[in-house]
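Below is one structure; the comments refer to it alone.
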Amino acid sequence: MCGIMGYIGDSEPTKIILEGLAKHEYRGYDSAGIAVIKDGAIQEIRTTGRVCQLAEKVKETGFTGEFGIGHTRWATHGGVTENNAHPHISSDDKVVLVHNGIIENAREIRAELEAKGIKFHTETDTESAVQYLGYVYDGDPKGAIVKLTKRIRGAFALVIMFYDKNEEFWVVRKGSPLVVGHAGHEGFCASDPTALLEYTRDVWFMDDDEMAQITREGCKFFDFNGVEHEKKTMHLDWDSAMTSRGEYAHFMLKEIHEQPDVMTHTLLGRVANNEVDLSRELDWTPEQVKGWKKIHFVACGTSHYATMIAARIMETLGNFEIRTEVASEYRYMNIPIGPDTLAIFVSQSGETADTLHAARLAMSKGAKCLVITNVRGSTIHREVGDALVTPAGPEIGVAATKTFTAQITILTLLGLYMAKLRGELLPEPEKNLVGALMDIPAKLSRILDQEKVIEQIARNFADARGFFFIGRGLAYPPALEGALKLKEISYLHAEAYPAGEMKHGPIALLDKELPVVALVPKGFLWEKTISNIEESMARKSPIIAIATEGDEEIKHYSENVIYTPATEPELFPFIAVIPLQLFAYYVARQRGCDIDMPRNLAKSVTVE
Ligand code: AGP
C-alpha cells in the first residue's frame, strides 16, 4: 500500500521519480506527489489522481530540482485530497518526507506537538512524523531520525530530506518494504525492487529497525541507535523488460497469457523422469518430515485459495493432517502450534502484513516454517529463510493470475515430495501425476486459444446483477478464485459456494438476473453438480458452464459452455482457473473498469 521512490544523482530527478512512481502505481493510486531540494529549500508538487496527472502538472509547471522523493498513495488516514497527498513538509519547512505504512500513535504525537504551538495542516497520520522531525531537528539528520524512531509506533517506510542537506536523503524502515540501490553516482530507493531494475540489479533490502543515508557517493546503513553496520547486496534475477506490458491492453491480460510458460518454468529443475525432487531447495530428511504431524497453510486472498487447492491435492497423496487458514485469523486462533507443526506461508509479494505477522507467530512458537513467494528477498523470505520461490516474474496487475498458477504448481510438487519422503506415495502414482502435471502447460495454451469464445460469453453477461460460482470437491476452490477475480476488477458482487451448499440458503437469491457459473468437470461429482445446476435453472438463473471437452450433455443445461481439456481430477484447478480469469477480465473490460488498478485495492497489502 503506497509506493515511494527517492533519487539522487545527475539525471533529472522528476523524470526518474515519475517513472519509478508509475511502476509503483499498483500499490496505491489515489493521489501522488514529488518533493525536491532546490536552491537550499524544499519544494513540492502534488495532485489527487494518478501518476500521469502528476506528470502533466510537473510538465505544465516546469517543476524541477536537484534531487527528490515521490509517493503514490493508498489512503489510510485522511480523505483523498491534494492536501493529504504526500510528501508532507514540517510547518517550519525544514523537513519533508513520504511514508508507507501506519503510524499508530499519531494522535498522541499530534496532541503533544499542537500543545507546543506547532500547526498541523492535514488529516494524515504521516504528518505527526514530519512535524516531530521538524521539532527535534538541529542540523543532525541521523540524530533526529533516531529520536523519531523511538517516538513513533506502527509500520513505516520513510524517505526523508532536510532543507539544509543538499547532498543526501535518508530512508527508514520498520514493517513496510523498502529497497535501496546505487549505481555510478546515483542513489535510489523504492518500495518495490521492480522500480530499480532499470538502474541496478544489485540492491539492499532494508531490514526492520534499519535506516540509511543515500548520497551520490554511496549508501551507509545504521540501526535505530545510529550505529553504522555493513550490509550485503542481493542480486535480483528479474530484468526491466519483464515489467513492460508489451502488445497487451492490460498487464492482467499479459499475465494470464504468460501462464503456460510460468508453469513450465516452475516445473523446471524440480521434476525429472516424471519424479519430483526438491532436495536442492529443501534439505529435509524423511525423519523430519514424518515428525511434522500437523501442516498449517497460511495466506490471504488468492494465495489462500491456492493453499486450499494444495490441501485438497495433498490429502489425496498421503495421510496428512492439514489446516488452511486466512493469515489475519490464524494470528488470533487458540490452536496448538509447535515443533510438530509445519507452517507454510504463501505470499506472492512476500510483503503482506497479515501473513508476515502470522509467520512471526508460528516461528515464535517453534513451528518449522516454509515460505512460498514470488519475490526473492522479500520480507517474509528474509525473515523465515526456508523458501520455495516461484519464477513467475514480476506481476503488475493488481489481480493475481500467473502467480496463482505458479503457487499451485509448486505446492503440488511440495505435496508429492513430502508424501514421498514420508513413504506414503508409491512410484507409479507419482509418475502418473507428475506426467499429468507436465502436460498441463500445453492444455493451458489450448484454453487460451478459446479466448474469443470466453470474451463473447463475458460480453453477454456483463450487465448481470451479480454472479454465483459453484463447484464441488476440487472444483470448489477455483470457484472461489473465479468469484474473487470478478469482484476485484468488475465491481460486481460474486459469491462462490460449494455446489451442494446452495440449497442451504444462497439459492434464495437466485433469479433470471443472477447467473451461475458452474464448474462441472467430468468425473464422479459430475452428476451431483448437474443436480445443483438443475436447481439453479428451476429458479431461472442462466448457467455458464466450465465443462470437459467432449461433454455434449452439458449443452442441455447451458448455452454458454467453456470447454476445458480433460486432466487428472486432482489437476482440474489448473485447468479451471484460466477461463475464470479471462471471464472476469472481459466482463470488467466490457464494463469499462480500470482492470490493472481496480478501485480501493492495492497489490501489496502492507497494513493489517
Ligand atoms: C488477488 O487478486 C488479490 N490482489 C489479493 O487477494 C492477494 O492475493 C492477497 O492480498 C495476498 O497477497 P500476497 O499473495 O502478495 O500475500
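Whatever order the structure lists them in is the order used to number ligands and atoms, beginning at 1. Along the sequence shown, residues carry numbers from 1. What's counted below: heavy atoms across the whole structure, side chains too, no hydrogens, waters or symmetry copies.
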Check whether any heavy atom of Glu351 sits under 4.0 Å from an atom of ligand 1.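 Heavy atoms of Glu351 never come under 4.0 Å of ligand 1.
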
Distance to 0.1 Å, residue and atom name: give those for the protein heavy atom nearest to [atom].
| atom | value |
| --- | --- |
| atom 15 (O) of ligand 1 | Ser349 OG, 2.7 Å |
| atom 1 (C) of ligand 1 | Thr302 OG1, 3.1 Å |
| atom 10 (O) of ligand 1 | Val605 CG2, 4.0 Å |
| atom 12 (O) of ligand 1 | Thr352 OG1, 3.5 Å |
| atom 6 (O) of ligand 1 | Gly301 CA, 3.2 Å |

Under 4.0 Å from a heavy atom of [X]: which atoms of ligand 1 are those, numbered in the order shown and with their elements?
| X | result |
| --- | --- |
| Ala399 | 2 (O) |
| Cys300 | 8 (O), 9 (C), 11 (C) |
| Ser303 | 8 (O), 13 (P), 14 (O) |
| Ala400 | 1 (C), 2 (O) |
| Lys485 | 1 (C), 2 (O) |

How about Phe251 and Thr401: do any of their side-chain heavy atoms sit closer than 4.5 Å? no

Closer than 4.0 angstrom, basic N to acidic O: yes or no for [X] and [Y]?
| X | Y | value |
| --- | --- | --- |
| Arg599 | Asp594 | no |
| Arg312 | Glu315 | no |
| Glu210 | Lys174 | no |
| Lys232 | Asp202 | no |
| Arg173 | Asp208 | yes |

Using a 4.0 Å heavy-atom cut-off, which part of His304 comes near ligand 1: side chain, backbone, both, or neither? neither

When only distance counts, is Val398 in polar contact with ligand 1, meaning an N/O pair under 3.5 Å?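 It does: an N or O of Val398 is found under 3.5 Å from an N or O of ligand 1.
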
Give yes or no for whether the N/O distance cutoff of 3.5 Å, strictly under, is met between Glu488 and ligand 1.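 Yes; the residue has a nitrogen or oxygen that sits under 3.5 Å from a nitrogen or oxygen of the ligand.
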
Determine whether Phe404 and Phe574 satisfy the following criterion, ring pair (Phe, Tyr, Trp, His ring centres under 6.0 Å), listing intermediate values before the conclusion. CA-CA 9 Å; Phe404 175 79; Phe574 289 82; 8.5 Å; no

Looking only at heavy atoms, which two atoms of His381 and Thr373 are closest? And how far apart?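 His381 and Thr373 have their closest heavy atoms at CB-CG2, 4.2 Å.
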
Glu395 side, atom CD; Thr302 side, atom OG1 - distance, nearest 0.5 Å: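 One gets 8.5 Å once the value is rounded to the nearest 0.5 Å.
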
